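Structure first, commentary second.
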Amino acid sequence: MTDQQERAEAFWARHSTGGPLLLPNPWDRGSAVLLTSLGFEALATTSSGSAATLARRDGALTRDEALEHAASIVGATDLPVSADFEDGFTDDPAGVAETIGLARQVGLAGCSVEDYARHADTIYDIDRATERVAAAADAAHRGARLVLTARAENFAHGQADLADTITRLQRYQEAGADVLFAPGLVDADDLRTLVAAVDRPVNVLALEGCPPVATLSEIGVRRISVGGGFAFAAYGAAVEAATELRDQGTYGYRTRAKVGATAARAAFPG
C-alpha cells in the first residue's frame, strides 16, 4: 500500500470513529507544520487562504496552482490532507474526473467538488451537478481510494433553501460521494434535519453562529472544518499589530507574537 493509500484509508476510517473529526485548514507550508504539531488528525487546504498567499481573492487560483499548493501541504505533514478543489476547475464532468486523478497523484487523501459554477457565478442545475459528482466519484474510487466530499453551495451564495440543499446532497450521495457538505449552513435545527436526511458523514464549516463542537457532535456531524478562518485570523492579527504600530507607536502585539514564536520554534525543524 502506498503512502497515499494509507493516508486515504486512515482519513476515511476516522469519519466513523470517535467524535467529530476536527479538520483545520492551513494556508501554507508553515501553518501546515504548525497545525500538525498541535495534535490534529488530518488537515485540509483552503481555497480562500491559499489564494490570499498570492494576494488574490477566493476562486482566483488555476487548477495547476491549486495542485501545487496541495502538494506543498501534503509534503509538509504526515497527516492525511484533503483539498478544496472548488468546482473542479472545469464545467465538464470528464474534466472534473481528470482533476480528481491529479489529486491522487500529488498524494492527497481526499478532495471536495462543489456545485457552484465560478465561471458563471451560478449554482449548477441539479442534474448537471449530479453528473459532475458521479464523474468525480468514479475517478475517486477507481483503484486506490480518494475520499470525495460533495458540496451543495446554496447557503454560501445567498440561497438559503434547506429543502433543495438536502435534495442535492441526497443526489450526490447516490452518485457516490463519501462526505456531504453544505457550507454556510449553521443553524442547529437545520443541521439536525440534514444529518437525519442523508446516509453519509456530514462536514460543517465553523462560521459565526455555528454551534460549538459538543452540540455538533450531539447532532451527528462527523467532520468540522474552518475554511479560511485560521488564515484570516492570522491576517487579522497582522492588521491589528500594524495598526497599533502605525497609530499608537506601541508594541502590545509582542505578547501575541511570543505565543506564535514559541509554537513555531517547537514545531519547525532546525
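The analysis underlying the following values was restricted to heavy atoms, covering all of them including side chains, and did not include hydrogens, waters or symmetry mates. In this text the structure is predicted, and so the values were computed from the model without any measurement.
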By side chain to side chain contact (heavy atoms under 4.5 Å, CB included), which residues pair with Arg14, not counting sequence neighbours? Thr17, Leu21, Glu41, Arg222
Which residues share a side chain to side chain contact (heavy atoms under 4.5 Å, CB included) with Ser72, sequence neighbours left out: His69
In Leu180, Leu216, Val221, the residue satisfying side-chain contact (heavy atoms from CB on, under 4.5 Å) with Val195 is Val221
Please identify which of these residues, Leu148, Val113, Val133, meets the side-chain contact (heavy atoms from CB on, under 4.5 Å) condition with Tyr172. Val133
Taking [Y] as the starting point, is it possible to reach [X] by hopping between hydrophobic residues whose side chains are less than 4.5 Å apart?
{"X": "Leu35", "Y": "Leu23", "result": "no"}
{"X": "Ile224", "Y": "Leu38", "result": "yes"}
{"X": "Val213", "Y": "Val186", "result": "no"}
{"X": "Val198", "Y": "Leu191", "result": "yes"}
{"X": "Leu162", "Y": "Val202", "result": "yes"}

[X] (side chain) donor-acceptor with [Y] (main chain) under 3.5 angstrom:
{"X": "Gln5", "Y": "Thr2", "result": "yes"}
{"X": "Gln4", "Y": "Ala109", "result": "no"}
{"X": "Gln170", "Y": "Ala197", "result": "yes"}
{"X": "Asp115", "Y": "Tyr124", "result": "no"}
{"X": "Thr215", "Y": "Pro211", "result": "no"}

Rounded to the nearest 0.5 Å, how far does CG of Asp58 lie from OG1 of Thr46? 6.5 Å
How long is the gap from OG1 on Thr62 to CD on Glu68, to the nearest 0.5 Å? 8.5 Å
I'd like to know whether Asp28 forms a side-chain hydrogen bond (donor to acceptor under 3.5 Å, both in side chains) with Thr53, so could you lay out the CA-CA distance, the side-chain angles of the two residues, the decisive distance to 0.1 Å, and finally the verdict. CA-CA 8 Å; Asp28 61 9; Thr53 67; over 6 Å; no
In the structure I gave you, are the side-chain heavy atoms of [X] and [Y] within less than 4.5 Å of one another anywhere?
{"X": "Leu185", "Y": "Val204", "result": "no"}
{"X": "Asn25", "Y": "Leu43", "result": "no"}
{"X": "Val147", "Y": "Val179", "result": "yes"}
{"X": "Ser82", "Y": "Thr45", "result": "no"}
{"X": "Trp27", "Y": "Ser50", "result": "no"}
{"X": "Arg56", "Y": "Leu61", "result": "yes"}
{"X": "Ser225", "Y": "Phe181", "result": "yes"}

Can Ile100 and Leu146 be said to form a side chain to side chain contact (heavy atoms under 4.5 Å, CB included), step by step? CA-CA 8 Å; Ile100 301 302; Leu146 195 71; 3.6 Å; yes
Strictly by salt bridge (charged side-chain N to carboxylate O under 4.0 Å, His left out), give each pair with a member in [range] just once, sequence neighbours left out.
{"range": "residues 234-246", "result": "Glu240-Arg256"}
{"range": "residues 258-270", "result": "none"}
{"range": "residues 85-112", "result": "Arg63-Glu98, Glu86-Arg118, Asp91-Arg128"}
{"range": "residues 170-199", "result": "Asp127-Arg171, Arg145-Asp178, Arg192-Glu218"}

Should we count CD of Gln159 as having more than 12 external heavy atoms under 6.0 Å? yes
Return the minimal non-hydrogen interatomic distance between [X] and [Y], and the atom names on each side.
{"X": "Ala264", "Y": "Leu34", "result": "N-CD1, 4.1 Å"}
{"X": "Ala267", "Y": "Ser37", "result": "CB-OG, 3.4 Å"}
{"X": "Leu108", "Y": "Ala83", "result": "CD1-CB, 3.6 Å"}
{"X": "Leu205", "Y": "Gly227", "result": "CD1-N, 3.4 Å"}
{"X": "Ala44", "Y": "Pro26", "result": "O-CD, 3.1 Å"}
{"X": "Leu67", "Y": "Ala103", "result": "CD2-N, 4.0 Å"}

Suppose we screen for salt bridge (charged side-chain N to carboxylate O under 4.0 Å, His left out). Which residues come up paired with [X], at least two apart in sequence or across chains?
{"X": "Arg29", "result": "none"}
{"X": "Asp164", "result": "Arg168"}
{"X": "Asp84", "result": "Arg151"}

By the ring pair (Phe, Tyr, Trp, His ring centres under 6.0 Å) test, which pairs, at least two apart or in different chains, include something from residues 140-169? Tyr116-His157
So which pairs with a foot in residues 217-263 pass ring pair (Phe, Tyr, Trp, His ring centres under 6.0 Å), sequence neighbours left out? Phe232-Tyr235
Do Asn154 and Thr165 have side-chain N/O donor and acceptor atoms under 3.5 Å apart? yes
Checking Arg223 against Thr149: is there a side-chain donor and acceptor pair closer than 3.5 Å? yes
Thr77 and Val33: side chain to side chain contact (heavy atoms under 4.5 Å, CB included), yes or no, with the steps? CA-CA 6 Å; Thr77 182; Val33 173; over 6 Å; no
Test of understanding: with ring-ring contact (aromatic ring centres under 6.0 Å, His included), list the residues that count as partners of Phe11, not counting sequence neighbours. His15
